[in-house]
Structures are given as structure tokens and as C-alpha cells.
Amino acid sequence: MVGGEKSEHWTNFTKIVAAPEDAIMEAVFWYTAHGVEIGPVIWGEFATIQKVESGSCDYYISPTGPGFGKWN
């Protein structure tokens, strides 16, 4: 507590990968060549695979998985 007021701690974490060469962008999401969602488009050729915002309780985990190992 600071000055008798409740303090809040907020974090924002986003994990992104470059979309594979054969990936397909439809609207605001990247998909694999087989139609599996990779994640939302960010900065054009990249996809968000994991997002966590503790302050707003917002989160996203790619259906293909949040790990970098799939995207080497």
C-alpha cells in the first residue's frame, strides 16, 4: 500500500512469430496452409501466438500452441 491506497500491479506480455511462407492471412488472422489458426496479425507479416494482460484479464493462446518450437 502506498499512502493508504491500494496499489495495482499490471503486466502485458505478447509472444509473436513470423508467419510461415505458406501461411494464409484472412481478415485479421494468420492460418497455416492446412487452415489451422496461427494467431492474430501483428505488424503485417507476424502473428501473435500468446498474449497475457493481467490488468484487463485479457489473454490469447494460439490453437497451434504458444511455444516457439513450432516456428523454427
Side-chain angles (χ1 to χ4, degrees):
M1 292 186 144
V2 176
E5 296 180 21
K6 181 180 174 185
S7 63
E8 293 186 29
H9 181 74
W10 182 83
T11 59
N12 181 344
F13 173 83
T14 302
K15 193 183 298 183
I16 65 170
V17 296
E21 271 189 37
D22 61 351
I24 301 159
M25 183 175 28
E26 289 185 14
V28 296
F29 282 88
W30 278 106
Y31 295 88
T32 66
H34 302 291
V36 179
E37 179 182 313
I38 299 171
V41 175
I42 185 169
W43 304 323
E45 59 191 71
F46 296 92
T48 299
I49 59 171
Q50 184 178 14
K51 180 179 180 178
V52 178
E53 290 187 25
S54 65
S56 66
C57 298
D58 184 23
Y59 66 91
Y60 171 82
I61 296 177
S62 171
T64 55
F68 286 128
K70 296 178 171 77
W71 311 107
N72 294 340

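What you are looking at is a predicted structure, and each value in this text was computed from that prediction instead of being measured.
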Legend entry - For the student: nearest non-hydrogen atoms of T32 and I24, plus distance: O-CD1, 4.2 Å
Inset, instruction - For residues A47 and G39, report the shortest heavy-atom separation together with the two atoms involved. - result: CB-O, 4.1 Å
Legend entry - Pairs flagged by side chain to side chain donor-acceptor pair (under 3.5 Å) wherever residues 35-44 is involved - sequence neighbours left out: E37-Y60
Legend entry - side chain to side chain donor-acceptor pair (under 3.5 Å) partners of residues 20-31, not counting sequence neighbours, each pair once: none
Inset, instruction - Output every pair passing salt bridge (Lys or Arg N to Asp or Glu O under 4.0 Å) with a member in residues 40-52, not counting sequence neighbours, ordered by first then second residue. - result: K51-E53, K51-D58
Inset, instruction - Give a yes or no on whether I49 and F29 share a hydrophobic cluster (residues Ile, Leu, Val, Met, Phe, Trp, Tyr; joining criterion: side-chain heavy atoms under 4.5 Å apart). - result: no
Inset, instruction - Flag the pair P40 / V28 as yes when at least one side-chain heavy-atom distance between them is below 4.5 Å, and no otherwise. - result: no
Legend entry - Spatial distance of atom CD1 (I38) from atom CE (M25) [nearest 0.5 Å]: 11.0 Å
